Amino acid sequence: MTQDLRRALDAAQRHSLEHLETLNDRPVGATRSVEDLRQSLLKPLADEGLDAAQVVEELVADVKGGLHANTGGRFYAWVMGGTLPSAVAADWLTTAWDQNAGMFAVAPAAAIVEEAAGMWIKDLLGLPAAASFALVTGGQMANTTGLAAARHRVLENFGWDVERRGLFGAPPIRVVTGAHRHATILRALRLLGMGTECLIELPLDAEGRLQTNDLKAELAKHPGEPTIVLMQAGDVNIGAFDDFEALMPIARQHRAWVHVDGAFGLWAAATPRFRHFLKGADQADSWATDGHKWLNVPYDCGYAIIADTAAHRAAMSQQAEYLLPSEARDQVDWNPEFSRRARGFATYAAIRQLGRKGIASLVERCCESAHAIATGIGALPGAQLVWEPRINQGLVRFLDPGAGATEENHDARTEEIIRRIVASGEAFFGPTTWNGRRCMRISVCSWQTSPEDVRRTVAAVKNQLSDYAAA
Ligand SMILES: *Cc1c(COP(=O)(O)O)cnc(C)c1O
């Protein structure tokens, strides 16, 4: 057993280091097709087992070429963070320790580590120290947890106990938001039994923000209705922040619950340079954010933070006969899960590695890189800067030079150039649709992105543009 374990873990360490140390020397995107991956991985289920180290060796060999180098410095698609060294190491230990972080009695150190992580995150993000929190799998469940607490409170205000009676016969809830809300909001509403039709999406201004007059008018339509207002701290296309200071009093006047989706954008509060974008956001009732994006901890890790601790607890707490009375915070009282991974260790390690200053610097460097990449690409012949990054998100387009080229031609050209950049292996970007037009999104969330990566990225895009023009 000991020999098996040692050989398996040695192999894992060797291959992990090999993967992480060669990120910059390999194509950023996976190079293998779906058929090819199936060919290697869809093996018939064997009757006999294998030696543990052999399983690890074969797994590594079989996934080769099928992994993105997304924790490296030139991966800018979606909104994805890298992984800090201390966080990778702590995550390994989390697996080796295999603590069940459901409650203090089951995993004492894991419970207290989460207390520390929660305290530090609230401090870093400028949120109320007395707020309750939960370490969940990601932004999806952080939004779901925040909205579950919201659902409790807005119905409780109408004398309806949703935990006991459910939503059958309950007063309808409306959820008012802007058109920039994230896709995960829809699923959160479905899981919570509220359905997507309760969502009222208001138009945005040119900066991607909810407009105060629109919110006022919408809330005034049904003054007596249970209402949740969902604000955005950093949308996925342009990193837009709602004007919290202006919107918050309007929501308050209607006794609406305010939830802020700040999956990555809330981290702008970690530096004095960008904190102004979040002015007033601390007045909300709940916030959702991620650890696996801008904090650079491994998947999966998100944080739900809730000012109304009673609503949070009422929505989540689940007692069972065999649970012991606890001396400390029990995660089951705040989390949607029961047994769960002790994901607090990686967060704890990342925050300790960087400290307050290191986190501020990480956020600033990502924003500087995003700005340099977007403006660098935007200045190339055949490219157009569509959104100059305010934080870490920018947009560019590639234009069809043909006489009489239409918007559709530009859309097609944009998709083709993205495909070619990804195929070159030098950088990885994804497309998005913004204001009806296809764009290439630039999202920088990794601690690894260096000035050299920025230079290589702009050069790679330049090469693809000139190759395409020459062809
Ligand atoms: C990424 C993101 C989410 C979803 O977070 P996951 O961690 O992917 O579940 C929600 N909202 C915004 C604004 C995001 O950027």
Side-chain angles (χ1 to χ4, degrees), residues 68 70-71 75-83 87 121 125 133-148 150 175 177-192 196 199 201 204 208-210 228-242 244 258-269 274 277-278 281 284 286-305 335-337 340-341 343 346-347 350 363 366-367 370 387 389-395 430 432-434 441-446:
H68 288 323
N70 52 290
T71 63
F75 189 93
Y76 313 109
W78 300 285
V79 183
M80 290 176 49
T83 49
I121 290 162
L125 304 182
F133 61 90
L135 277 68
V136 293
T137 47
Q140 170 73 72
M141 286 315 293
N143 279 325
T144 306
T145 303
L147 291 171
V175 181
T177 189
H180 51 7
R181 57 105 194 107
H182 194 265
T184 51
I185 297 300
L186 297 180
R187 182 156 51 188
L189 295 176
R190 279 159 41 203
L191 290 174
L192 291 169
T196 53
L199 199 64
E201 292 183 336
L204 305 170
R209 295 174 305 194
L210 265 174
I228 299 168
V229 175
L230 203 138
M231 298 182 195
Q232 187 72 48
D235 83 302
V236 290
N237 284 323
I238 61 170
F241 291 85
D242 280 324
F244 305 105
V258 177
H259 175 77
V260 175
D261 179 4
F264 62 95
L266 270 182
W267 292 87
F274 298 113
F277 286 123
L278 288 152
S286 56
W287 305 264
T289 192
D290 267 320
H292 55 219
K293 287 179 179 170
W294 231 345
L295 185 59
N296 281 250
V297 303
Y299 293 101
D300 39 25
C301 187
Y303 316 112
I305 300 157
N335 269 76
E337 306 89 353
R340 54 190 276 279
R341 179 174 176 79
R343 61 174 56 84
T347 294
V363 169
C366 288
C367 296
W387 186 265
R390 308 277 162 82
I391 52 165
N392 66 326
Q393 304 286 123
L395 299 173
T432 188
T433 299
W434 190 68
R441 184 157 70 191
I442 297 150
S443 173
V444 185
C445 292
S446 175

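As the structure is a computational prediction, the values presented were derived from the model and not from experiment. Sequential numbering from 1 along the given sequence is applied to the chain's residues. Indexing begins at 1, ligand by ligand and atom by atom, following the structure's order.
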Legend entry - Candidate with minimal heavy-atom separation from atom 7 (O) of ligand 1, of Q393, H292, Q140: H292
Inset, instruction - Compare R181, H182, K293 and give the one whose heavy atom is closest to atom 15 (O) of ligand 1. - result: K293
Inset, instruction - Pull out every atom of ligand 1 sitting under 4.0 Å from any heavy atom of G139, numbered as shown with elements. - result: 4 (C), 5 (O), 6 (P), 7 (O), 9 (O)
Inset, instruction - Could you point out which residue of D235, D242, D261 forms a side chain to side chain donor-acceptor pair (under 3.5 Å) with H180? - result: D242
Inset, instruction - Mark up the atoms of ligand 1 that fall under 4.0 Å of a heavy atom belonging to G138, in ascending order. - result: 7 (O), 9 (O)
Legend entry - Minimum heavy-atom distance T144-A188, with the two atoms named: OG1-CB, 3.5 Å
Inset, instruction - Any atoms of ligand 1 less than 4.0 Å from a non-hydrogen atom of G234? List them with their elements. - result: 13 (C)
Legend entry - Ligand-side contact atoms (ligand 1) for residue partner A263, heavy atom cut-off under 4.0 Å: 2 (C), 3 (C), 10 (C), 11 (N), 12 (C), 13 (C), 14 (C), 15 (O)
Inset, instruction - Taking all heavy atoms of V258 and all of A284, pick out the closest pair and write down the distance. - result: O-CB, 3.6 Å
Inset, instruction - Please identify which atoms of ligand 1 are closer than 4.0 Å to at least one heavy atom of Q232. - result: 13 (C)
Inset, instruction - Compute the minimum heavy-atom distance from G262 to ligand 1 and say whether it is under 4.0 Å. - result: no
Legend entry - Protein contact of atom 11 (N) of ligand 1 - nearest heavy atom, named by residue and atom, plus distance: D261 OD2, 2.7 Å
Inset, instruction - In plain terms, say whether D300 and R343 are close enough for a salt bridge, that is, a side-chain N and a carboxylate O under 4.0 Å apart. - result: yes
Legend entry - Separation between CD of Q232 and OG1 of T177, rounded to the nearest 0.5 Å: 7.0 Å
Inset, instruction - Would you check if D290 and C301 make a side-chain contact, meaning some heavy-atom pair closer than 4.5 Å? - result: no
Inset, instruction - Answer side chain, backbone, both or neither: which part of T184 comes under 4.0 Å from ligand 1, heavy atoms only. - result: side chain
Legend entry - Contact with ligand 1 for M141, non-hydrogen, under 4.0 angstrom: no
Inset, instruction - State the atoms of ligand 1, each with its element, that fall below the 4.0 Å cut-off from a heavy-atom position in F264. - result: 15 (O)
Legend entry - Heavy-atom side-chain contact between Q393 and R441 under 4.5 Å: yes
Inset, instruction - Taking the side chain as every heavy atom from C-beta outward, state whether C445 and V79 have any atom pair closer than 4.5 Å. - result: yes
Inset, instruction - Quick one: sort the H68 and F75 rings into parallel, tilted or perpendicular, breaks at 30° and 60°. - result: tilted
Legend entry - Atoms in ligand 1 with a heavy atom of D290 nearer than 4.0 Å: 1 (C), 5 (O), 6 (P), 7 (O)
